[in-house]
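What follows is a single structure, written as structure tokens, with notes after it.
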Amino acid sequence: MSSFRATPQNAGGPVQLFYQAVDDKPCPIISHGKGIYLWDTAGKKYIDGSSGPIAVNIGHGNQRVIDAAAKQMQEVAYVSRNFFQSQANIDLANLVAEHTGAGLERAFFVSGGSEAIESALKLARQYAVTQGQESRWKVISRDPSYHGATLGAVAITGDFISADLYGPMIQPMPKISTPFSYRVPEGHTVESYALECADALETKIQEEGPETVLAFIFEPVGGLATGALAAPEAYYQRVREICNKYGVLLIHDEVMSGVGRCGHFLASQHWPNSQPDIVVLAKGLASGYTPLGAVIASAEMVDSISASGGFNHGFTYSSNPLSCAVGLAAVQEFLDHDLSQNALAMGARLKTHLQDIQQRRRVLGDVRGLGLLMAIEIVSDAATKSTFPAHTRAIPRLVEIAMQKGLLLYSRRTAEGRFGEWLMVAPPLIINSQQVDEMAAIIDDTLAVFEAEVAGENS
Ligand SMILES: Cc1ncc(COP(=O)(O)O)c(C=O)c1O
């Protein structure tokens with residue numbers, strides 16, 4: 001029998017306690033959501049300012065998705081793909097392929113980002129083997145980066161904390177530096193540093209032995225690990241050229257940046273000459289209405305694997321009808337409302353507000369991102385770009401102040417703040433101008449309260 005007893009201190013219940021440190025405050029209990037808003041059971045209203053963890057692209061309570069889920073459940077919620085195809089799977093694969101474009105015609109659906117990353121790694125490996133390139137298995141990635149929580153994903157994730165903890169259990173993969181733009185090494189411009197980081201890929205391939213390198217994976221617009229970092233165009237081109245030169249597959253992790261978040265169906269469509277060989281999607285694909293991810297590759301790649309006996313990989317819930325039906329409705333909703341376009345327009349408006357706030361708030365060091373995948377970097381002094389010491393817990397405190405003011409901002413201190421610290425600003429893509437203004441005003445107030453607290457502590 002469980003020894004758990006609910007008390008006011010652990011009122012979040014055993015599920016929350018599983019994830020939280022003992023001294024963490026329990027989260028409020030969710031009541032319901034509609035559009036960009038959420039309400040807790042105490043009646044407090046919040047703007048979902050980061051779409052959860054950058055997932056709920058079409059907003060909450062969408063009737064089309066609810067209806068599609070109910071219809072699919074009434075027909076059949078689940079069958080194994082080993083016995084039946086489902087129309088929802090076929091339709092979703094076709095719709096996604098229509099928008100990912102030439103070279104990315106085949107989609108395999110799984111239950112989230114980490115599963116999709118695992119699937120991409122195995123797809124790449126199996127393709128290399130079908131091409132007679134058994135010696136290729138190393139996957140180069142960037143440091144820092146985030147590619148998921150499963151052990152294969154941890155092996156390619158550039159996060160030294162995770163590597164310390166799980167390192168003995170995995171085969172660590174080679175890493176190269178991520179081209180940060182806010183702090184660049186002396187003597188560099190943002191562009192020259194980005195090119196140096198791209199050239200490091202070639203050096204790393206040569207060091208490792210080109211015949212052993214299977215793929216290079218990166219987030220074309222970063223998530224939490226880099227705070228919505230995008231690189232100058234030349235970076236994407238150079239990376240593509242290097243991959244071509246050495247026959248290395250280029251994988252884009254678009255778990256956060258995909259499905260319109262950055263203003264195109266894929267963020268990589270901002271750089272049409274630097275297209276990936278494999279793309280990974282999740283989060284916005286089903287907008288959080290159900291767990292769903294996808295690995296997408298060319299017909300040529302998938303056909304050659306099929307010809308060699310089929311993809312030797314899968315999960316019980318791969319391509320299940322319910323998740324596909326939900327994903328299909330979410331993507332149709334996104335397309336019908338041209339939410340890529342809205343992400344660009346509202347992203348520009350939000351960025352202008354944030355840059356304006358940056359002029360007034362000295363703790364706001366940098367505003368960056370593309371479309372509605374944005375981040376604000378927090379510093380103790382914008383002039384020196386210095387970070388707050390860990391013990392001040394600046395980021396959790398900012399999250400707390402914003403939440404008290406009715407705004408949810410996703411963040412945690414990644415890599416112990418070694419590369420800086422930031423809050424993700426990424427509301428649902430359905431946000432309108434007035435709501436953007438409302439959100440920006442709360443961010444301004446939050447920073448003002450935080451600055452006053454810091455000034456008080458220092459006086
Ligand atoms: C860029 C990126 N890749 C992969 C993942 C893993 O996705 P999931 O949490 O759905 O397994 C995430 C999750 O945040 C992510 O941001």
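Numbering of ligands and ligand atoms starts at 1, following listing order. We're numbering straight along the sequence, starting at 1.
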- Item | Short side-chain donor-acceptor distance under 3.5 Å, Asp336 and Gln332 |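 Asp336 and Gln332 do not have a side-chain donor-acceptor pair below 3.5 Å.
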
Got a salt bridge between Arg238 and Glu202, using NZ or NE/NH1/NH2 to carboxylate O under 4.0 Å?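 No, no charged N to carboxylate O under 4.0 Å.
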
Around atom NZ of Lys71, are there more than 12 heavy atoms of other residues, nucleotides or ligands at under 6.0 Å?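 Open: at most 12 neighbouring heavy atoms sit under 6.0 Å from NZ of Lys71.
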
Worksheet item: Which heavy atom of Lys44 sits nearest a heavy atom of Met403, and at what distance?
Response: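 Answer, listing the atom of Lys44 first, then Met403: CE-O, 3.3 Å.
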
So which bit of [X] gets within less than 4.0 Å of ligand 1, heavy atoms only: side chain, backbone, both or neither?
X	answer
Ser114	both
His147	backbone
Glu115	neither

**OP:** To the nearest 0.5 angstrom, please state how far the CZ atom of Arg413 sits from the CZ atom of Arg418.
**Re:**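 Rounded to the nearest 0.5 Å, the CZ-CZ separation comes out at 12.0 Å.
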
Does the separation of the ring centres of Tyr37 and His60 fall below 6.0 angstrom?
->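 Aromatic pair excluded; centres sit 6.0 Å or further apart.
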
Answer with yes or no whether Lys283 contacts ligand 1, where contact means a heavy atom under 4.0 Å from a ligand atom.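 Checking ligand 1 against Lys283, which is what was asked, there is a heavy-atom contact under 4.0 Å.
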
With a 4.0 Å cut-off on heavy atoms, is Gly148 in contact with ligand 1?
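Checking ligand 1 against Gly148, which is what was asked, there is a heavy-atom contact under 4.0 Å.
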
*Numbering as shown, the atoms of ligand 1 that approach Glu219 to under 4.0 Å (heavy-atom distance)*: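 Those atoms are 1 (C).
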
Got the closest protein heavy atom to atom 3 (N) of ligand 1, with its distance?
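Nearest protein contact, heavy atoms only, for atom 3 (N) of ligand 1 is Asp253 OD2, 2.7 Å.
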
Report task. Distance to 0.1 Å, residue and atom name: give those for the protein heavy atom nearest to atom 7 (O) of ligand 1. Result ->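 Heavy-atom neighbour on the protein nearest atom 7 (O) of ligand 1: Gly113 CA, 3.2 Å.
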
